[in-house]
Amino acid sequence: MVNIVIFGPPGSGKGTQSQKIIEKYGYTHISTGELLRKEITTGSKLGHQVKDIIGRGDLVSDNLIIDILEKEFNRLRDVPGVIFDGFPRTTQQAQELKKILNKRGTAVSVMLSLEVEQNELIKRLLARKAISGRQDDNMVVIENRLVIYADRTAPVVEFYRKAGKLSIIDGSGSVDDIFTQIDNVLQNLSKQTAQ
Ligand code: AMP
């Protein structure tokens, strides 16, 4: 089973590239942000708990998100691969993901880290707002999300670098150019696992 962590700051194209991977490889997508937004839309207790946190651009607690992720992952049966999008966002989450996958006899295959300059991220997020209608795609909240990314999330790269799982992707070009880089990494991965 292939386990991909798609990683990068808000606006780096994680969702878009995940869709491209799904189209080609048929992997299952787990986006913790989408799971949380669904809870808000349905008006669940959990949704109420996280609405303001997401609205501010802060992170929900590690315990809460790890629990949600583990339940979602454990629902999957016989899938060829999983794309983890928006998780892990802290080093603790990365450690817990390792344990969750370990219990199922598997591990992270690769972290695809999308690198994009800050000005470009802001431009993309503001443009996205018109389409996504996301409450957290506005200038004040975007700034907070980028600060939190730099402080708490960016260090997760080191976790995977040390584990020899890091693959850096230049996320600044066109959607197709970025996917070509990703596709090369994934094809090499399947060659390795076939050996
Ligand atoms: P995203 O759709 O990945 O940009 O996530 C939207 C928001 O959901 C984030 O700004 C956080 O408030 C929350 N969120 C999503 N995933 C996580 C996570 N792994 N840890 C903590 N908070 C998360």
Side-chain angles (χ1 to χ4, degrees), residues 3-22 27-75 82-101 108 111-116 118 120-160 169 171:
N3 297 292
I4 300 166
V5 171
I6 192 154
F7 188 84
S12 58
K14 299 186 291 292
T16 305
Q17 293 301 326
S18 293
Q19 287 313 316
K20 302 276 291 179
I21 299 172
I22 294 163
Y27 295 160
T28 300
H29 186 214
I30 300 184
S31 156
T32 44
E34 272 172 25
L35 292 172
L36 294 171
R37 282 189 290 279
K38 223 177 279 170
E39 295 291 333
I40 296 174
T41 311
T42 56
S44 70
K45 190 171 158 224
L46 175 63
H48 284 294
Q49 242 173 301
V50 300
K51 189 173 191 296
D52 290 347
I53 301 171
I54 294 181
R56 285 194 302 271
D58 291 337
L59 295 184
V60 309
S61 77
D62 281 340
N63 288 347
L64 191 83
I65 202 77
I66 288 162
D67 196 43
I68 292 170
L69 188 279
E70 184 160 24
K71 283 198 185 113
E72 192 67 18
F73 180 74
N74 286 338
R75 257 209 285 271
V82 181
I83 309 164
F84 295 92
D85 171 357
F87 186 98
R89 258 181 160 95
T90 64
T91 305
Q92 196 195 334
Q93 291 178 20
Q95 285 159 350
E96 292 301 322
L97 180 60
K98 188 174 179 181
K99 289 186 202 158
I100 291 167
L101 295 178
V108 166
M111 170 199 254
L112 301 169
S113 179
L114 300 172
E115 293 192 344
V116 182
Q118 181 128 333
E120 173 67 15
L121 293 172
I122 294 172
K123 216 169 76 187
R124 288 188 194 175
L125 289 165
L126 291 175
R128 182 172 84 179
K129 178 158 186 72
I131 309 155
S132 73
R134 275 177 58 164
Q135 55 170 348
D136 55 350
D137 284 343
N138 67 73
M139 201 55 218
V140 175
V141 178
I142 287 170
E143 275 174 2
N144 190 36
R145 287 161 68 200
L146 291 172
V147 168
I148 289 186
Y149 176 81
D151 286 354
R152 302 203 48 207
T153 304
V156 175
V157 167
E158 291 314 312
F159 183 92
Y160 291 101
I169 306 292

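When reading the values below, keep in mind they use all heavy atoms of this one structure, side chains included, and skip hydrogens, waters and symmetry mates. Whatever order the structure lists ligands and atoms in, that order sets their numbers, starting from 1.
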Atom [atom1] of [X] and atom [atom2] of [Y]: how far apart are they, to the nearest 0.5 Å?
X: Gln17; Y: Leu112; atom1: CD; atom2: CG; value: 9.0 Å
X: Leu35; Y: Ile68; atom1: CG; atom2: CD1; value: 7.0 Å
X: Asp136; Y: Arg37; atom1: CG; atom2: CZ; value: 6.5 Å
X: Ile66; Y: Lys99; atom1: CD1; atom2: NZ; value: 8.5 Å

Heavy-atom nearest neighbour in the protein, as seen from [atom], with distance rounded to 0.1 Å:
atom: atom 11 (C) of ligand 1; value: Asp58 O, 3.4 Å
atom: atom 14 (N) of ligand 1; value: Leu36 CD1, 3.6 Å
atom: atom 20 (N) of ligand 1; value: Gln93 NE2, 3.0 Å

What I want to know is whether [X] and ligand 1 share at least one N or O pair that is separated by under 3.5 angstrom.
X: Ile53; value: no
X: Arg89; value: yes
X: Thr32; value: yes
X: Ile65; value: no
X: Arg37; value: yes

Does ligand 1 have any atom sitting under 4.0 Å from a heavy atom of Lys14? no
Using heavy atoms and a 4.0 Å limit, tell me yes or no: is Arg134 in contact with ligand 1? yes
The salt bridge (Lys or Arg N to Asp or Glu O under 4.0 Å) partner of Asp137 among Lys129, Arg145, Arg124, Lys123 is Arg145
Among Val157, Asp85, Leu114, the one residue meeting side chain to side chain contact (heavy atoms under 4.5 Å, CB included) with Phe7: Val157
Run down the list Ile66, Val60, Val156 and name the one with the heavy atom closest to atom 22 (N) of ligand 1. Val60
If you look at every heavy atom in Pro88 and Leu97, which pair is closest and at what distance? CD-CD2, 4.0 Å
Check this for me, if you would: do Asp67 and Lys71 make a salt bridge, where the nitrogen-to-carboxylate-oxygen distance has to be below 4.0 angstrom? yes
